[in-house]
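Just below is one structure, and these are the notes that go with it.
Residue numbering restarts at 1 for every chain, and letters A, B, ... go by the order of the sequence lines.
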Amino acid sequence: MKTFTQRVYEIATQIPKGKVSTYKQLALLAGSPKAVRAVGAAMRNNPDTTVVPCHRVLASDGTMHGYSAGEGIPTKIHKLEEEGVKVVNGKVDLNIFLWKQSPQK
DNA sequence: CGTATGACTAGCT
DNA sequence: CAGCTAGCCATAC
């Protein structure tokens, strides 16, 4: 039995490039739709942003609450833009970039 | 084991 | 739109 945090990492690493996910979504996929707080805690504890694309994890509204790596929020936005995600007014269009957990897989 | 904290969310004012 | 409250889970101390 892995810890909730470990499971969140597994899911986060599955997020494809050019797509984003939300804390709520990750919590749901992890098995606890209300553990969004725990997801955030895991991301903050994030061991390696290289294996865990926490920058692809946004709030439920497509906005971002925080980021511990780089310059913080600015770096997070910049990374998303580099990935091909369009960031408008510090927000991302979840209707377009929201990851759908590869329904094929 | 109990308390405190947090990168959350939704609802109200 | 901005600010505050309440609920909820997992982790750290």
Side-chain angles (χ1 to χ4, degrees):
Chain A
M1 171 67 178
K2 296 185 211 175
T3 60
F4 184 84
T5 305
Q6 185 60 65
R7 181 164 302 216
V8 172
Y9 291 152
E10 293 285 305
I11 300 169
T13 45
Q14 286 170 76
I15 303 175
K17 175 173 168 274
K19 290 279 182 172
V20 301
S21 189
T22 68
Y23 297 103
K24 198 168 118 183
Q25 187 66 54
L26 284 176
L28 182 68
L29 297 173
S32 298
K34 292 181 174 168
V36 290
R37 311 284 309 262
V39 176
M43 289 294 130
R44 190 181 187 270
N45 213 9
N46 181 319
D48 288 292
T49 62
T50 57
V51 297
V52 183
C54 41
H55 61 268
R56 290 183 191 153
V57 184
L58 312 174
S60 61
D61 285 347
T63 53
M64 30 194 106
H65 273 237
Y67 193 62
S68 36
E71 305 283 306
I73 304 301
T75 299
K76 187 168 179 177
I77 297 172
H78 193 77
K79 280 178 173 288
L80 289 173
E81 292 186 314
E82 291 290 291
E83 297 275 312
V85 178
K86 188 171 82 161
V87 183
V88 179
N89 194 12
K91 313 196 274 193
V92 178
D93 295 286
L94 297 179
N95 295 306
I96 308 173
F97 299 105
L98 180 60
W99 176 45
K100 288 170 185 162
Q101 199 193 12
S102 307
Q104 236 167 71
K105 191 175 152 207

### Query
On DNA chain B, nearest-nucleotide positions of A/Asn46 versus A/Lys24: which is more 5'?
A/Asn46
### Query
Start at the 5' end of DNA chain B and walk down; is the nucleotide closest to A/Asp61 or to A/Val39 reached first?
A/Val39
### Message
With a 4.0 Å cutoff (strictly under), does any side-chain N or O of A/Asn45 reach OP1 or OP2 of C/dT11?
### Response
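Answer is no, no contact under 4.0 Å.
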### Message
With a 4.0 Å limit, can you tell me whether A/Ser32 has a side-chain N or O closer than that to the phosphate oxygens OP1/OP2 of C/dA10?
### Response
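Yes, because at least one side-chain N or O of A/Ser32 sits under 4.0 Å from OP1 or OP2 of C/dA10.
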## Note on the structure
Rounded to whole Å, the OH-P distance (A/Tyr23 to C/dA10) equals 18 Å
Mind checking if [X] touches a base, just sugar-phosphate, or nothing, with heavy atoms under 4.0 Å?
X       : result
A/Ser68 : base
A/Ala38 : base
A/Phe4  : sugar-phosphate
A/Thr5  : sugar-phosphate

### Task
Would you mind telling me which of A/Leu80, A/Ile77, A/Thr63 makes a side-chain contact (heavy atoms from CB on, under 4.5 Å) with A/Val92?
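Per the side-chain contact (heavy atoms from CB on, under 4.5 Å) rule, the option paired with A/Val92 is A/Leu80, out of A/Leu80, A/Ile77, A/Thr63.
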Distance-only, no hydrogens or angles: does the [X] side chain make a donor-acceptor pair with backbone N or O of [Y] under 3.5 Å?
X       : Y       : value
A/Tyr9  : A/Ala42 : yes
A/Lys19 : A/Arg56 : no
A/Gln14 : A/Glu10 : yes

### Task
Shoot me the first and last contacting nucleotide of DNA chain B against chain A, ordered 5' to 3', at under 4.0 angstrom to non-hydrogen atoms.
B/dG6 to B/dA10
### Message
Rounded at 0.5 Å granularity, tell me how far CG in A/Asn45 sits from SG in A/Cys54.
### Response
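Rounded to the nearest 0.5 Å, the CG-SG separation comes out at 11.5 Å.
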### Reported OG1-to-CG distance for the pair A/Thr13 and A/Asp48, which is rounded to 0.5 angstrom
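So the gap between those two atoms works out to 12.0 Å.
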